[in-house]
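Report on the structure given below.
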Amino acid sequence: MMNPENYLILAALLFAIGSVGVLTRRNALVAFMCVELMLNACNLALVAGSHIHGALDGQVAAFFVMVVAAAEVVVGLAIIVMIYRTRRSTSVDDANLLKL
Amino acid sequence: MSSILMPVLEMAAPTLEWRALAPVLLVFAAACVGILLEAVLPRAYRFLGQMTLVFATALVSIGFLVINWRGQYGGRLAMGSIMLDGPTYFMWASLLVFGTLAFMVFSERQLNGGATTFAASAASVPGSLDEADATAARYEHTEVFPLGLFALGGMMVFLASSDLIVMFVALEVFSLPLYLLSGMARRRRLLSQEAALKYFLLGAFSSGFFLFGIAMLYVFSGSLDLAAIHTAIEGNAGSNGLVMIGLAFIAIGLLFKVGVVPFHSWTPDVYMGAPTPVTGFMAIATKLAAVGATMRVFYVALDGERWSWQPLFAVLAVLTMVVGIIGALTQSDIKRLLAYSSIAHAGFILVALVGATQTVAAGEGTSASAIMFYLAAYGFATIGAFALVTMVRNAAGEENNIDGWSGVAAKNPWVAGLMSLFMLSFAGIPLTGGFIGKWAVFTAAWRGGYGWLVIVAVLASLVAVYFYLRLIVVMFGRKEAKGVYVGNASAWTWIPVVVGAVATVWMGLVPDQVMQLATFAGGFLR
Amino acid sequence: MTFPWLTFLGLLPLVGGVLLFLPMGRGAARTLGLVFSGVTLAVAIAVTALHVGGADLAVQVPWIRAFGAWWALDVDGMGLAMVLMTAVLTPIVLLAEWEPPAMRWSAQAFFALVLILEGLSLFVFMANDVLLFYLFFEATLIPTYFLIVGFGGVRRSYAAVKFLLFSLAGGLIMLASVVGVYVVGAAQGVPSYLVSDLAAVRFDGDLGRWLMLGFLIAFVVKAPMVPLHTWLPDAAEHSTPGTATLLVGVLDKIGTFGMIKLCLGLFPEASLWITPFMVWFAVISIIWGALGAIGSRNLMRLVAYTSVSHFGFMVLGIYAFTTASMTGSIFYMLNHGFSTAAMFLVVGFMAKRTGSYDIAAYGGVQKVAPVLAGVLLVSGLATLSLPGLAPFVSEFMVIAGTWTRYPVVTAVSIIGVVLAAVYILRMYQRTMTGPVTDETAARFTGRDLTGIEKAVMVPIIGVLLVLGFYPQPAVQLVEPTAKATLAYVGTTDPAPVVKGAK
Amino acid sequence: MILLETIAEPVAATGMFTWAWTMIAVPAIVAGLLLLAGKLSDAWGHLVATAAVFWSFAIAVCLFAEQLLAPATERAVAAPAYTWFSVGEWTFQVGLLVDQLSILFAMLITGVGGLIHVYSIGYMSHDPRRRRFFAYLNLFIAAMLLLVLADNYLILFVGWEGVGLASYLLISFWQHKPSAAAAGTKAFVMNRVGDLGMLMAISTMLAMFGSSKFTEVNAGAASTEPMWATLIGLFLLLGACGKSAQVPLQAWLLDAMEGPTPVSALIHAATMVTAGVYLVVRSHALFEAAPTAQMAVIIVATVTLLAGAWIGTSQDDIKKVLAGSTMSQIGYMMLAAGIGPAGYAFAIFHLLTHGFFKANMFLGAGSVMHGMNDDVDMRHYGALSKVMKVTFLTFAMGYLAIIGFPFFSGYFSKDHIIEAAFADNTFIGVCALIGAGITAFYMTRLMLMTFFGEKRWQPGVHPHESPKVMTIPLIILAILSVGAGIVLNFWIQEWLAPAVGNHPHELSLVPTPVGWMTMAVVALGVVAAWLVFGRSSIPVTAPATNNPITLAGRNVLFGDQVNDFLFVSPTTALATGIDTTDARGIDRMVDGGAQAFGGLSTQMRRLQTGYARSYALTMVFGALVVGAVLILTQLG
């Protein structure tokens, strides 16, 4: 068994990659996928924590997070599709009417 | 493997304290029923049906709440996932009242020529034939009511949860409907959709942070339970690095919802783009729920790390007040102005939160009671103000440009007078609830040892007065703007306005009842 | 429980003001307003009689229990003097503004706002709880703002905002001190805002000084002292004479009232510490205000600047810490209310005829409107503190009392007395004397003071004369406040140097 | 320093003395009545007003009679009216002190005042605002009586300010003339400067003695520290300078001649302007405790008596010549008062005789003006002795009195002062002597230019004698000018001694060496004037001259210019500066602050770019801030 701390470091790396992706990607879908990556990094951390403490809560929590993520996808996709139909674009930078 | 499976095998049916949880369960139940109604009822009856359902639920919920409160039901409920303590009662009551008032504004159809302020068909492309058809057929999205109820229920759970994962789920339960509601404006649909997208993306981003924080705390303590985390921190002799990381990320997630600088960027855009009744609902309900949850997490779970997070919150409070107020100074859109105002108010709330006065003699105000009072006062003014925003109109819909509000006093002195009242309450001028609230949070902060923060807050509110005044000056001191009229609203808009006004004055003149309620709600239980 | 006279007194005009927001005819509104202000005056007189008769009028009911705030009202001599002044001036102002300016809000709105302002001011003067005081102190700004913005001159909006921002700036700084007072009190086991409870709390050291400064800054803005006075000339210039009367005559008194009641009443040590500074500050105000009045080309500004000068005398008297000077200051607060009222209202009558407040727009009025000129002269003489008119008595008490402690300061300050003669008489000379100008002939011929205008001026001048010739009852009314305050601060009057003179 | 015998405590008022307050109240009430009644009282107002003054005069005479009958120690009577106000240890009583000094004043004021009222009935008969004039005159009488009858300095000050007000109202009585209005303002403001002295003096007395009562101040004076006694003395002197037009506060008096002539006679010659002398005499105990202050009084008085005389020599306006003369004569009185116990009685003596002869001459001048269509320029007169016989004769009596012609009233009073001055200090004595010579010079000039020589009347002017209502007061005053001196000469010192601590000394009708010298100097002055003005014709317009002495005299010794330079211009500049500072300085700073916030706000709005990704970046930045703060707290 590897040192459980390594899982946490991996989780942190994934989280960082995800957040950098949100910052850099223009396509709303890709940005949204990066958010999902962040959530999954958290899942990894939760499961690792579950392992460290020998308790189940973390794993159960991961399931909850997955369900929630699925629900988020439903809403998110609905919004992105709506935007796409209006603007023929999914670039988050194009939606730039609200400012200042 | 067996060790993993064992608890599953032993799992018993969960127990629920039905009566104590009735207020929140009813809201969720009604939301589900509302979805069913959409499927079952013919279009012509849906609006009426939904409204009946919503307001009946609200009444019954409030009734249960009051009876339970008087009966002192409470404690750790739902197998340790909900904590029904005094603050929960107070904030549930506030949420239900503000939710009900906000839903009334949802129901306004007279202002808009017989339709609600929501899009006839949110799925149709703006400017398309589909949209025109839907409008001509007088379609309406009566789903807004169940969505609103889901959001409300989510918020109630959010601030009451004593388990971090429940809190996360509740966060999403109330956030997702709000993302949708933001995108459903009938007019200026491009803006509305953009608001929804931004809110959604950034909201999801922030919930990622929140979740990561939860994970770190879990890794540290081995539990998701707030009280257990507290115990773990108290008993910790080694490094607290994980706690710090968890604390930071959870704070980011929560403060995003509160609208604290530098996690506030979404606020002006979303407030401006969303349909005004939804903005009104969000402005108070989201803030209240998020502040409640923040207090719960930090006072209950992270109390032992107080010396770490107090300076952090103090810095953020200063930043928030400064950015919120300075940002508001030059706004030309009234909804953006109110958005920046809400940021500034988040700062004032943080001031008291930092002070964290929790141990004073019985019957004396604490940080929690001050903040709850503040939120109640702020809520009534917010609901009223946003309802009034819907009433000042031009040919294209709402007149949100502040210049368009010139000389409203001459057109309708009541609208101008009441709007001024709400502005004065926001500004914290005496004889309004806003003043008592502001004074109470300052007192709590100073008693908690943060006198310097109070001085900063006082100076900040001095600058803040200017932009609230500006609106009053515009309404009373300028010539009437052309092409702007004050719409003839129905009781659905007027009731929230009048209730807001009466409550604002009431809480300004005789605040004792509400203050006693907030004070005797006591502290957060572990 | 005895009848809550003080609550009743304050609520009466407030109820009247709220009633006036109901739709009603113009005539009915004015009658109602006058009736309410008249009844308030009657109740104020009754309250005075009760107080003088030794009745205990104090009201004390818990208000915000969680933070130790009380609905506590009481009057002492100073409070009663202010209450009476407010109650007398309100009906006079209503009469003077019987026909508010055209093209502005309705007379009904004016009457309503004035009554509300009266009620709030009365509560300020009666409040015996720091938070309650603050609450009404700030609340008075709102009706005043609307009185300026709804009825004022061309730049009314600018003036109203300036007034409000200056006042709120002071008020918010004070809020910090209000909070601090409670926190310090709570730390010493007195979690209460009652003035009587707080008197037992020691506000020592730097914290006490900062807290005192918070109060003081608010009062210095209010009682306009240089350099925080610039809002006053603008506010006066761009509001109606009635509003200016209430603003300067009543509201600004809250500043000096607060200095005595709260700065000295809560922070004796810190007040003594600030004294040297305040004394010179007051002298600067006296001279600065007088010079400003000399330089004014606008009548309303001129009167406003005279008030800056007079407030300097009041502050000087307060911080000289002698019985005579402080009694003089309190008495001055009363007298100044009437003398400025006279000035503002007469100037208003003049402007009603010409539509202008510019000194240059007048000339030779005396010839065609002698009664108007005479009334202006008497008002002016009161303003320059001529013996026989009330302000002299108070100004003399301030000067003589201050002299016993600070002869040099006093010597500098009474240059203001000479300057007062300059600004009043020059103004009178330019507007009332000289050859009758065409403009004057057209506007004033056959339009001397009307009956209603005379009815406005008679009581004011009557009060000024009565208090000028027989000030003893009023002085005796307010002297106990000065004595009690001085005893609390712990200073005693300097004894006469030469023994055995008596 | 001469120690005074204790001054007798005033006795309580009984009998007629309980009526003393009506002397003040009746004219005051009549004044108020006439002002309030308005046009209703136009027809009879002047009669009521005149009657009111005669009422006061009657009371004064009765009181005087009672005093004469009473023993010397019981002549001073205190008649308190009511407590004005009391604060702390101080009590201020409205109280009257009718003693030997004040009763003389009361009779002078009401007597001369009554005559002037009668005269004014004729003089003002054509003025539409005559009623108002009489109301103001009554106001003056009331205030002046309050001034001299008060038993403490504060009430004295009330009267002091009251006469200032009346003087202001009467100087600017013809308000439609801008010069009259300006003169009134000037008089009031300059008097106010003197009032500063009064206020400071009273304040110091309160600080020193805890009271402003004459009796208590006098009792304490001797034990006062010299510095404070000197200061009080100087403050009082400042007050006296303002009211009595002494240098440096003299500039208002000549302008005050803008008022109607009866006003000039009553207020600016006979009574009000002598209040300064009264004040100094009344405060004798204080001055005796402060030799420096006495010296200051003497210096001021000497300068003034010469300056006034100088002005008198070069003015062409008949009233201004008389005004300069008034200044000068008051200088004599002040000089006497400054000399100390040796001079008090002479100061009051000269004050009384001057009151008679100067009122006489002013009214005479008024009579001349009445006949000359209100022309005041003596260069337009000439040869009036033939057409205005009564006026000429009465005026001549006044003339002889003022130059000190033997056995006329001025001869006694002025010569005593010059003698006392010589006794005190030779230099001062010489100055006083020179003053007498100049007096003779300018008065002779006035007589010559007005009544003798050829007619220089302007076209359309037909001089005529004035009506009886004006000439009868002239005759009475002329009689007094002639006879008052010899009547009072032997009596007044004894009479005043208890009140002012005077030291009577022997007087005889035979001139002393100083007296002879004075007569010679006066004769020299008369002859010089005759040589200059009596032999040649007088030009109708004032000839241009480069003679600095004449120029200075014509310009009233440049008093206005000095005041302008020293006080008026700086004040105006400051006032303008304050206006600018308030508008551009303080307000600009506040506005600047507001603009700075506005600018900051505009800058900050740029951060709100509208790009969701940049918002996310802000959040990440926020996360870094959170991290940084937490790390800092952990380190701390």
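Below, chains carry the letters A, B, ... as their sequence lines are ordered, and counting in each starts from 1.
Using a 4.5 Å cut-off between heavy atoms, D:Ala182 touches chain C through backbone and side chain atoms alike. Neither the backbone nor the side chain of C:Leu228 comes within contact range of chain D; no heavy atoms are under 4.5 Å apart. No part of D:Phe567 comes within reach of chain C, as not one of its non-hydrogen atoms sits under 4.5 angstrom from that chain. If you measure heavy-atom distances from C:Val418 to chain D, the contacts under 4.5 Å come from both the backbone and the side chain. Heavy atoms of D:Leu154 lying under 4.5 Å from chain C belong exclusively to its side chain. Neither the backbone nor the side chain of C:Leu486 comes within less than 4.5 Å of any heavy atom of chain D. The part of C:Phe166 that comes within reach of chain D is its side chain, from C-beta onward, which places non-hydrogen atoms under 4.5 angstrom from that chain. Heavy-atom distances place the side chain of C:Arg297, and not its backbone, under 4.5 Å from chain D. Both the backbone and the side chain of D:Leu196 come within less than 4.5 Å of a heavy atom in chain C. Of the two parts of C:Leu165, neither the backbone nor the side chain holds a non-hydrogen atom closer than 4.5 Å to a non-hydrogen atom of chain D. Both the backbone and the side chain of C:Pro227 come within less than 4.5 Å of a heavy atom in chain D.
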message: Pair C:Ile294, D:Leu574 - check side chain to side chain contact (heavy atoms under 4.5 Å, CB included), show working.
response: CA-CA 9 Å; C:Ile294 291 174; D:Leu574 272 175; over 6 Å; no
task: Please step through side chain to side chain contact (heavy atoms under 4.5 Å, CB included) for the pair C:Met397 and D:Phe85, ending with a clear verdict.
output: CA-CA 10 Å; C:Met397 282 197 272; D:Phe85 62 94; 3.6 Å; yes
field: Step-by-step side chain to side chain contact (heavy atoms under 4.5 Å, CB included) determination, C:Val417 to D:Asp195
entry: CA-CA 9 Å; C:Val417 175; D:Asp195 294 347; 5.8 Å; no
task: Given side-chain hydrogen bond (donor to acceptor under 3.5 Å, both in side chains), test C:Gln472 with D:Thr83 step by step and report yes or no.
output: CA-CA 7 Å; C:Gln472 178 73 345; D:Thr83 303; 5.5 Å; no
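In this structure, a donor-acceptor pair under 3.5 Å is present between the side chains of C:Thr230 and D:Asp587. Defined by atom type and a distance below 3.5 Å, a donor-acceptor pair is present between the side-chain atoms of D:Ser86 and C:Gln476.
Remark: the backbone N or O of D:Gly88 is paired with a side-chain donor or acceptor of C:Glu479 at under 3.5 angstrom. Between the side chain of D:Trp84 and the main chain of C:Val393, no donor-acceptor pair closer than 3.5 Å is present.
For the pair C:Tyr305 and D:Asp582, the minimum side-chain heavy-atom distance is below 4.5 Å. Using a 4.5 Å cut-off on side-chain heavy atoms (C-beta onward), C:Trp288 and D:Thr581 make contact. Inter-residue side-chain proximity for C:Leu425 and D:Tyr168 is flagged as met; some heavy-atom pair is nearer than 4.5 Å. Annotation: side chain of C:Val497 is not in contact with side chain of D:Phe209 (no heavy-atom distance under 4.5 Å). The side-chain heavy atoms of D:Thr571 and C:Val422, taken from C-beta on, include no pair separated by under 4.5 Å.
With respect to chain C, the highest number of heavy-atom pairs below 4.5 Å among D:Met205, D:Met200, D:Gln175 belongs to D:Gln175. Each of C:Tyr428, C:Trp403, C:Phe469 has some count of heavy-atom pairs under 4.5 Å with chain D, and the biggest count is that of C:Trp403. The candidate from C:Tyr423, C:Trp231, C:Phe331, C:Tyr470 with the greatest count of non-hydrogen atom pairs under 4.5 Å with chain D is C:Tyr470. Taking chain D as the reference chain and counting heavy-atom pairs below 4.5 Å, the highest number among C:Gln366, C:Arg426, C:Lys367, C:His229 is found for C:Gln366. Ranked by heavy-atom pairs under 4.5 Å with chain C, the first of D:Lys186, D:Met190, D:Lys213, D:Arg129 is D:Arg129. With chain D as the partner, the residue from C:Gly388, C:Pro387, C:Gly295, C:Pro233 showing the most heavy-atom pairs under 4.5 Å is C:Pro387. Most heavy-atom pairs under 4.5 Å with chain D, from the set C:Ile424, C:Val371, C:Thr404: that is C:Thr404. Highest contact tally toward chain C, considering only D:Phe188, D:Trp228, D:Trp174, D:Phe92, is held by D:Phe188 [criterion: heavy-atom pairs under 4.5 Å]. Residue with the most contacts toward chain C among D:Ile202, D:Val189, D:Val94: D:Val189 (heavy-atom pairs, distance under 4.5 Å).
Of all the heavy atoms in C:Ala400 and D:Ser203, the pair that sits closest is CA-OG, 3.5 Å. Here the closest heavy-atom approach between residue D:Gly220 and residue C:Val498 is recorded as O-CG1, 3.9 Å. Shortest non-hydrogen contact noted between C:Pro435 and D:Pro178 is CD-CG, 3.7 Å. Closest approach of C:Thr433 to D:Ala181, counting heavy atoms only: OG1-CB, 3.2 Å. When all heavy atoms of C:Ala421 and D:Arg192 are compared, the closest pair comes out as CB-CG, 3.6 Å. Minimum interatomic distance between D:Ile578 and C:Gly292 (heavy atoms only, all atoms of both residues): CG2-CA, 3.9 Å.
Using cut-offs of 30° and 60° on the angle between ring planes, the pair C:Phe392 and D:Phe157 is tilted.
Here the straight-line distance linking atom CG of C:Leu386 with atom CG of D:Leu165 works out to 5.5 Å at 0.5 Å rounding. Here the straight-line distance linking atom CG of D:Leu199 with atom CZ of C:Phe396 works out to 7.0 Å at 0.5 Å rounding. Rounded to the nearest 0.5 Å, atoms CD (D:Glu161) and CG (C:Leu389) are 11.0 Å apart.
In D:Phe597, the CZ atom is not crowded: 12 or fewer heavy atoms of neighbouring residues, nucleotides or ligands sit closer than 6.0 Å.
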